[in-house]
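Every chain is numbered from 1 and lettered A, B, ... according to where its sequence line falls, protein lines coming before strand lines.
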Amino acid sequence: QTAKPVPVEKAEIIHWWTSNSESAAAKLIADAYRKAGGIWVDSAVAGADQARAVAINRIVGSNPPTAAQFNTTKQFLDLVEQGMLNNVDDVAKSEGWEKILPEPVLNVIRIKGHYYAVPVNIHMQTWFWYSKAAFKKAGIAKEPATVDDMFAALDKLKAAGIIPLAHGGQAWQETIVFQAMLANVGGKELYLSVIRDRDQKAINSEAFKKVLTAFKRMQAYTDPGSPGRNWNDATALLISGKAGMQIMGDWVKGEFAAAKQVAGKDYGCIAGLTPNSPYLIQGDAFVFPRTTNPSTVNAQKLLAKVVLTPSTQLEFNKLKGSIPIRSDVDTSTMDICAQAGMAIMKDKSRQVGISEIFLTPDQNGALQDILTAFWNTRMPVEKAQKSIASALKD
Amino acid sequence: MSAILPSANAVPNASQKPQRRVRSKGFSFARLGIYAFLISAAIFFLLPLYIMLTTSVKSMDEIRMGNIFALPQQFSLEAWTIAWSSACTGIDCEGIRGGFMNSVAIAIPSTLIPIFLGALNGYALSFWRPRGANILFGILMVGAFIPLQVMIFPLVRILASIDLYSSLPGIVLVHTVFSMPVMTLLFRNYYSTIPHELFQAARIDGGGFIRIFVQLVLPMSTPIIVVAVIMQLTGVWNDYILGLVFAGREHLPMTVQLNNVINTTTGTRMYNVNMAATILTSLVPLTLYFVSGRWFVRGIAAGAVKG
Amino acid sequence: MANVRLQNLGITLGGNQIISDLNLSVEAGEFLVLLGPSGCGKSTLLHAIAGLIDVSAGSVEIAGQDMTWADPSERQIGMVFQSYALYPTMTVEKNMSFGLRINGTPKAEIARRIEKVAEMLHLTPLLQRKPAALSGGQRQRVAIGRALVREAEVFLFDEPLSNLDAKLRSTLRRELKLLHQQLQSTMIYVTHDQVEAMTLATRIVVMQAGKIQQIGTPECVYERPVNLFVAGFLGAPAMNFIRGELDAQARFISNTLSMDLSTYAFATSWSTPAEVILGVRPEQIQIREDGQFVGAVMLVEPMGNHQVVWLQAGAQTISSIVNDQRPFEIGQTVLYSIDTCKISLFNPQSEQRL
Amino acid sequence: MANVRLQNLGITLGGNQIISDLNLSVEAGEFLVLLGPSGCGKSTLLHAIAGLIDVSAGSVEIAGQDMTWADPSERQIGMVFQSYALYPTMTVEKNMSFGLRINGTPKAEIARRIEKVAEMLHLTPLLQRKPAALSGGQRQRVAIGRALVREAEVFLFDEPLSNLDAKLRSTLRRELKLLHQQLQSTMIYVTHDQVEAMTLATRIVVMQAGKIQQIGTPECVYERPVNLFVAGFLGAPAMNFIRGELDAQARFISNTLSMDLSTYAFATSWSTPAEVILGVRPEQIQIREDGQFVGAVMLVEPMGNHQVVWLQAGAQTISSIVNDQRPFEIGQTVLYSIDTCKISLFNPQSEQRL
Amino acid sequence: MQIKALRHKTKSLTPFAALLPMALVTLVAYLGATLWSIKVSFSSSRTMPTDTFVGLAQYTKLFENERWLLSIENIAIYTVLFILVSMVLGFLLAVFIDQKVTAEGVLRTVFLYPYAMSFVATGLIWQWMLTPGIGIEYAVRQMGFPDFVFDWIIDQDKVIYTILIATVWQTAGLVMALLLAALRGIDEEIWKAARLDGIPVWRVYVSIVIPMLAPAIATVFLLLSTTAIKLFDSVVAMTQGGPGTASEVPAKFIMDHLFGRANIALASAGAVMLLVPVIAILAPYAYARSRKARNIAHISEKHK
Ligand SMILES: Nc1ncnc2c1ncn2[C@@H]1O[C@H](COP(=O)(O)OP(=O)(O)OP(=O)(O)O)[C@@H](O)[C@H]1O
Ligand SMILES: Nc1ncnc2c1ncn2[C@@H]1O[C@H](COP(=O)(O)OP(=O)(O)OP(=O)(O)O)[C@@H](O)[C@H]1O
Ligand SMILES: [Mg+2]
Ligand SMILES: [Mg+2]
């Protein structure tokens, strides 16, 4: 029964793209792969954790898939260290990944000089979305361009009887809000010293405290029904004009599209509140479980190549809502939010990874636990600060 | 013969006299109370189903805007057809029907074998009481408290080492392992209420271990077997994680597809399709529940002993 | 044909020593009746012989083989449980044929035996019923039937006829006796019915509190009880006990009675004058006009074919069986005599027969 | 004190009409004994009186009130189940006291009653045991105890003494009689023991196949059975039936016998010559040297206080009770006479008494 | 004697043979997995088990983790209430359904159906129903109680009760089925005896039926305890542990660390800690039972 590699380059790919929009995107890659001569065998598993767990267990059970989706984060670092992944150095070299891929992503997929994953896309998590209708109703004329603007806008929305911040009260969504605050209120330097360097001094600094305060302040703009809410239900509030703003990743566009709303007309998107707010990169990638079977290795390499071809990149990301990983794609056919994102990406100094790129899953989780507790309880800022400090200590 | 079946025993009694029984007023009040309780409980139980059903026939727009209790404004079965035959679960958009036969193939052996083993264990434990078996049982009971996910990793390794990983026998074996504590407990405790003398009589009659089990004990187990089937079939049918990890690509159960339809982190969500898919998936256990009634027989050991 | 031999048997249940140091040897083909008061350990003993409870000491030998730890199914035993223990899910027929089917007896043979036994037990119309739809007596008969079809080496019957009417009981008693003669199997039979004990037994064992008091033929046990317990236990109404003294001339003297017992066959030596208890059965007390002793009628119990007359004689109550229907009045003074040839004498201290 | 009246009672179980159109009136304070062959519907009848099974027709009246559909608990009934139906999880004491505790009987009173009943039933040392740790007879006594502590208006006993030894049985019989006299409650009592029936009953009801055959005092039922069934059912050994002819002079003539029955009190008119069945009880057949008839000894059953001698007379087997221990030999020819004043005559067609 | 006794016990090997699968499963899978977890919990394993021994470090970490501590507290409250409420409700349903009610089959299915539904979807329904503003609160307000408040699901202190409601809803039917099967097994004669004794029905249930159901209740109890302690799916589906960490439970902590957070050592430590109270409760119970058996023997010996 075990799917032993056969001479034909049959490639079983585990991924978690299961919703309608994601499926369409996945299908695009599959089609491209097939066109390139591969045989795509689809193993979709809903839920990122779940899908990764399956992949890992299949590797352990000596029945690995040809490729498995991971995030472009430290998630697969352990696998690499255990020698469980094949590298795709050949492809990376021949395709010149070093040149076309953004730095934060390269830092993750390149481990000790070897390339262990092929990135697929860039999601930006900390977009500020707003309902034009709601803004109009609240009398907000212009898109907030500073943090203070934003708070002012939120206050106005509140005054107009509109839910200022459409928020899904789940820990990961709170982390997104936090990252948005850290990036926009704290700025890139603070962001990196806290998240990347885990610098105790920075964490205990007054500036970081301000970030936390701002983060907590956001909570006051949510409605009582927010805890536990799914992000799409929050987006629905935006769509219906019941709420004014949401901080969420670019996948939100799928919901707007489903409700036949158009970017720039019905809703607006703000990537950052300052001209140099970091663009927090997150994305998906495929890793290649270790195998010595040459045809499987070929299949893996083929996938690595296909995924990064510009046309695939463009079409895939259009469907997925993200932006292409390579900077050399013509994005004129994409929506204005994506285009804005691509524009920002051109500025290398604004490319910064999300926390998962820098933190181990474990540290990241601990951070998330503290943030959500802080968000939802009356935890004093100092305590949150202290807890974060100790969670990010080694 | 038929006296054992409730349909022949209890029901005629009940149906013969209601018109007379009404005369006693204490009786009807009690009845009233019973029905009041049952009906209010039923309403409580049915409320979520109502929401699921109405949601499944609403359009996404209506769900997004409307009240969850509201009746659908435009009734549409589209979600059901999508759920059944065209929802995407990855690049394949064939709905949840694809895994149906897999689920059946997994569920049948994974229901029968664990129940058989559970009954066998219970029987051996409560009638034969072999030395040391109770210690074993104790360990098993403690083991029932381990979250099964913790055991996945070692089990994957074990199964891989005996070449059963990612196969139908493998997933059946895994279900057998995980259901063993509860199934054993279920039968062991049930058998402890059967008069021991019956077992003794069968031993005098020369019955061996297997004979007594098959011919005497199993026929007396119908009510508990029904409960066991309800539990085990539901458990296996609704299992997701084990099927996902152990069954292998070719045998993925329906629930994997169901989860793929329902569960998404960053994709769009189709609540109406989710609800339809959930209800569709649960139809098999639901049918079982409905038809199981006739095996909930009364007084299966009646007339066996006096005392 | 198999003998049963119990040696130094001890049985403990729930921490109570029910039977201790019991020795009993049942000959092959014997019909042994176990008698004893309720709770004395009769059923326990049968269960031990059948191997259904573990003995704590001693050994059980069947057909010359040590079976102390053998499986019940190896012992070739048929048993009627006091509580019936019918298989509730099986019909009467299945209940009875279960053992045979297990043994692999041919179908035709099973059918033949079932038919025979069902006929004998008047169960034929009930063969397709389940136990729950049977009356108490019918259940008991199924239990008997289940044992009988087996034609085992040793049969253990635990009060098998207790819930049957007198007529059926006497029929079955006769059938059992016939069967025993036919099969020549060994039977150990617990009963509380004196008629059964007397008519069926080749020997009777009287037990009390887990100990055997007397073993002997029915006549022997009835007529020469070894101690007060056995004397009092057998016979209905019970033996009359009269305290008195035995003088050197072997005359028994009590408040109300005085009689010559010089023909009495003493079991042990004794020295006079001695306190004794005189045991005399109700049927040995005849109420007649030429009786020697005087009593007043206290109570009359008509029994159909006889009547039991309770007499007051001094402080003593004496029962007497009168075999005709002549009328008595309460309070009426009557004369009675005692048939001295069948009396028993007991030592009041040791309670043993003198 | 409560009477019980059953009118046109019909009961169906599992599709079988067990009892049909039964009428019975039990006086308050009466001690009614139900007799009948196994499976005739005695237990069913008791259950119907207690309200534990639904009647399909007719009515049950207790203490003058229609109780046909009343709850069992309203009927003020104490009952001993044939199957005991003890509460398995309660100790003996709890089993007995449960009903009282529920009724709110004062604790002291409960203790008093339990003590009394336990004493009477010899259960005192077992009060803290659970039923599973009791012997069959002990369980039965608990079942009796549970009913007795209730001091109900009507007691229903379903073979309450069947599993007890003769001695205990006779003690309890007497206790029950005493209790009945004390409480003056109505008792309906199923038994297969003739002695119990005869000694306890104020009236006996003989049932067959769900129908009442005869109701009457013990003597009446025993001596003047209304039909062949009752005649044959009562008495152990059973009545001897001899087919013959009655001529115009009221002489009974059969192959082997011939006797004058002109003193017989005919119940109905009849025309001669008529085929009849002569019923004569074993105790009315005396084996004596001056007997008129001849028979050969077939079988002798010693019963302790009497012996049953089975005689062959022509094609007929006749049982006779001999109240002494004189020896008989199988095959020996003996003379016997028949006491004609207690015989019964039956119409062979209708089986009714003549 | 001893030798003979031994021979008797070992003579029929069939029971031992029959229990072989159970023995294998118990020893290999359960005992094995437990030992494996213990071993891993003493290591510094992350995604994969490794052999680097770190002593009790994971346990220290565990008990310094506020989320874990809160999880423990939550599960303790939840387990007690869940067992209690499910049992009572399930028992009542079983008892009432057992009263020869009409439409028994329909009612049974109605009470049992939640058990058949994947909680991924039903959890969402519950979340909707409990969310203030759209669910029950909204409905009741519409019915003319504008001040009605039902916001447990967003309340730090009450959110665990919403999980309780939903899981009881899911499980009570199964409890009902289990107890119904046991109820039907009770001999009708016992009922008759009790009715004669004039015992009110509720008393019969309390004093006779429930004791007779003891084995079934024990089954239910164990079943509910295991489900309660392993509570995970419902939390994920309804609250994801929120608001904040208010509804976090140990199994979710374990699962998060097992998969998402790639720290199987800590997860294993958590799993091992879950077993501690179980063993702590079960062991004295088993001990007490064997003691009791011995004591009875002892006492009755004295009586003689
Ligand atoms: N559930 C039932 N279905 C069908 N027939 C039944 C059922 N219960 C009892 N019977 C039949 O009803 C008849 C009367 O039973 P009942 O128990 O009243 O007899 P009984 O007179 O008490 O006999 P016994 O002396 O043997 O106890 C029996 O022939 C029995 O087979
Ligand atoms: N499990 C047990 N635990 C303790 N004592 C028990 C147990 N089972 C039986 N006994 C006791 O053992 C004694 C013997 O019981 P047994 O059943 O052998 O009596 P029996 O002679 O058959 O009496 P009966 O004539 O009443 O049936 C009784 O006193 C009983 O109380
Ligand atoms: Mg006994
Ligand atoms: Mg009866």
**Item:** Heavy-atom contact with chain D under 4.5 Å, split by part of E:Ala194
**Value:** both
**Prompt:** Going from CZ on D:Arg75 to CG on E:Leu196, what distance comes out if it is rounded to the nearest 0.5 angstrom?
**Reply:** 9.0 Å
**Asked** Roughly how far, to the nearest 0.5 Å, is CD of E:Glu188 from OG of D:Ser83?
**Response** 11.5 Å
**Message:** To check you understand the geometry: which heavy-atom pair defines the closest contact between D:Ala85 and E:Ala193, and what is its length?
**Reply:** O-CB, 3.7 Å
**Prompt:** Heavy atoms, side chains only, cut-off 4.5 Å: are E:Ile208 and D:Phe98 in contact?
**Reply:** yes
**Request:** Test side-chain contact (heavy atoms from CB on, under 4.5 Å) on E:Glu189 and D:His47 and set out the steps.
**Result:** CA-CA 10 Å; E:Glu189 295 272 296; D:His47 281 240; 3.7 Å; yes
**Request:** Might you confirm whether atom OH of E:Tyr205 has over 12 heavy atoms from other residues, nucleotides or ligands at distances under 6.0 Å?
**Result:** yes
**Asked** Above 12 or not: heavy atoms from other molecules or residues under 6.0 Å from CZ of E:Phe96?
**Response** yes
**Request:** Specify which of D:Tyr87, D:Tyr84, D:Phe81 makes the most heavy-atom pairs with chain E at under 4.5 Å.
**Result:** D:Tyr87
**Asked** Checking D:Ile53 against chain E: side chain, backbone, both or neither under 4.5 Å from a heavy atom?
**Response** side chain
**Request:** List the steps and the verdict of side-chain contact (heavy atoms from CB on, under 4.5 Å) for D:Arg146 and E:Asp197.
**Result:** CA-CA 9 Å; D:Arg146 187 174 60 184; E:Asp197 266 353; 3.9 Å; yes
**Message:** I'd like to know which of D:Leu156, D:Thr89, D:Leu100, D:Asp71 tops the heavy-atom pair count under 4.5 Å against chain E.
**Reply:** D:Thr89
**Asked** Is the number of heavy atoms from other residues, nucleotides or ligands under 6.0 Å of D:Lys177 NZ greater than 12?
**Response** yes
**Residue pair E:Ile190 / D:Pro88: nearest heavy atoms and the distance that separates them** = CD1-CD, 3.7 Å
**Item:** Proximity breakdown for D:Met90 and chain E, heavy-atom pairs closer than 4.5 Å
**Value:** side chain
**Residues in residues 104-117 of chain D near chain E [non-hydrogen atoms, under 4.5 Å]** = none
**Request:** Between chain E and each of D:Gly99, D:Ala50, D:Pro72, count heavy-atom pairs under 4.5 Å; write down the option with the most.
**Result:** D:Pro72
**Message:** Ignoring hydrogens, what is the shortest heavy-atom contact between E:Gly198 and D:Ser73? Give both atom names and the distance.
**Reply:** CA-CB, 3.1 Å
